[in-house]
Number of protein chains: 2
Amino acid sequence: MELQAQQPTEEGGSIQAARSSANTPIRPTNNRWTPTPDQLRILQVLYYDKVLKCPTPEQIQEICLNLQQYGQIEDKNVFFWFQNLKALERQKLKEFQNVPVGGSLDLLWC
Amino acid sequence: MELQAQQPTEEGGSIQAARSSANTPIRPTNNRWTPTPDQLRILQVLYYDKVLKCPTPEQIQEICLNLQQYGQIEDKNVFFWFQNLKALERQKLKEFQNVPVGGSLDLLWC
DNA sequence: GATCTATGAATGAACG
DNA sequence: CGTTCATTCATAGATC
């Protein structure tokens, strides 16, 4: 497999300019990565179609290198993306499981 | 591992994106839940009176089940409601802390 | 019926 | 890993 770490022509993409009022935010708030549609599509293919839930560090790096041709991205973004999606799925499973209503938790409704 | 861009073959239908930017992450954003007065009242009782700030998934589900008698509601609505209210409180707290102390802070408490 | 505001929803990042 | 925090986006409702 060829991994072209080609420099994306446009760097940074379309990060909206933070409204910089007189009060400078102490934290560098506006640095959050968001996947481009191409990046998102590929990530979803890997996760759902290829059933890649827990990429190794090597896989993360490889994915990152490939996705860089579609926009700015770092290893940690890939790492967090997989972690978050997995966590969300697990969470939704838990919340959507139907519990028998006969529980004794109705103490909340006193 | 194959990373080539492969079409995800129409996953889940094409929900139209709502943003206007070129690289728009697709976001569903269809009709959203709004709490009924009864639901809102109970949620506020739980949050403020019972000081329930971070309900567990089990609590979320139980709350949801109880609130369903007052109108349509899902687990994630309860989840987001608590998250948002807590976030709003933190945000307001931060704003108060960032007020330049010009000596007239007591105006905030009138 | 255009605009404003409050808030539902989403998710990247990070914590314990 | 499950949970929590942060910021942002989108829009239902209110207001004019």
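Just so we're on the same page: letters track the sequence lines, and every chain starts at 1.
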query: Are A:Leu52 and A:Ile63 close enough that some pair of their side-chain heavy atoms sits under 4.5 Å apart?
result: yes

- prompt: After noting the C-alpha distance and the side-chain angles of B:Glu89 and B:Tyr47, does the key distance pass the side chain to side chain contact (heavy atoms under 4.5 Å, CB included) rule?
  reply: CA-CA 12 Å; B:Glu89 274 194 347; B:Tyr47 188 87; 2.9 Å; yes

- line: B:Lys76 atom NZ is separated from C:dA9 atom P, nearest whole Å, by 6 Å

query: Whole Å only: how far is the NZ atom of B:Lys53 from the P atom of D:dC5?
result: 12 Å

task: Determine: side-chain N/O of B:Thr34 to OP1/OP2 of D:dG13, distance under 4.0 Å, yes or no.
output: yes

query: Do A:Leu65 and A:Gln68 touch side chain to side chain, with heavy atoms closer than 4.5 Å?
result: yes

- prompt: Side-chain N or O of B:Lys86 less than 4.0 angstrom from OP1 or OP2 on D:dC5?
  reply: yes

- request: Whole angstrom is fine here: how far is it from CG in A:Asn31 over to P in D:dT8?
  value: 10 Å

task: Map A:Cys54 and B:Ala87 onto DNA chain D by nearest heavy atom, then report which one ends up closer to the 5' terminus.
output: A:Cys54

message: Just the rounded figure in Å: distance from P of D:dC5 to CD of B:Gln91.
response: 14 Å

statement: A:Phe82 atom CZ is separated from C:dT11 atom C1', nearest whole Å, by 16 Å

Please produce a list of atom pairs where a protein N or O lies less than 3.5 Å from an N or O of nucleotides 2-4 of chain C.
none

- prompt: Is a donor-acceptor pair below 3.5 Å formed from side chain B:Asn84 to base C:dA9, judging by atom type as modelled?
  reply: yes

- request: Side-chain contact test, heavy atoms from C-beta onward, threshold under 4.5 Å: evaluate it for A:Lys86 versus A:Cys54 and give yes or no.
  value: yes

- request: Side-chain contact test, heavy atoms from C-beta onward, threshold under 4.5 Å: evaluate it for A:Gln59 versus A:Phe82 and give yes or no.
  value: no

Whole angstrom value for the distance that separates C1' of C:dG12 from CD of A:Glu74: 12 Å

- prompt: Given C:dA9, C:dA13, D:dC5, which nucleotide is nearest the side-chain atoms of A:Trp33?
  reply: C:dA13

- request: Using atom CD1 of A:Ile73 as one end and atom P of C:dA13 as the other, report the distance to the nearest whole Å.
  value: 9 Å

query: Under 4.0 Å between a side-chain N/O of B:Arg32 and OP1 or OP2 of D:dT11, yes or no?
result: no

Out of C:dT11, D:dA6, D:dC1, whichever nucleotide has its closest atom nearest the side chain of B:Arg90: D:dA6

task: Check whether any side-chain heavy atom of A:Glu74 sits under 4.5 Å from a side-chain heavy atom of A:Phe79, and report yes or no.
output: no

statement: Rounded to whole Å, the CG-C1' distance (A:Leu88 to D:dC5) equals 14 Å

message: For the CD1 atom of A:Ile42 and the OH atom of A:Tyr70, what is their distance to the nearest 0.5 Å?
response: 4.0 Å

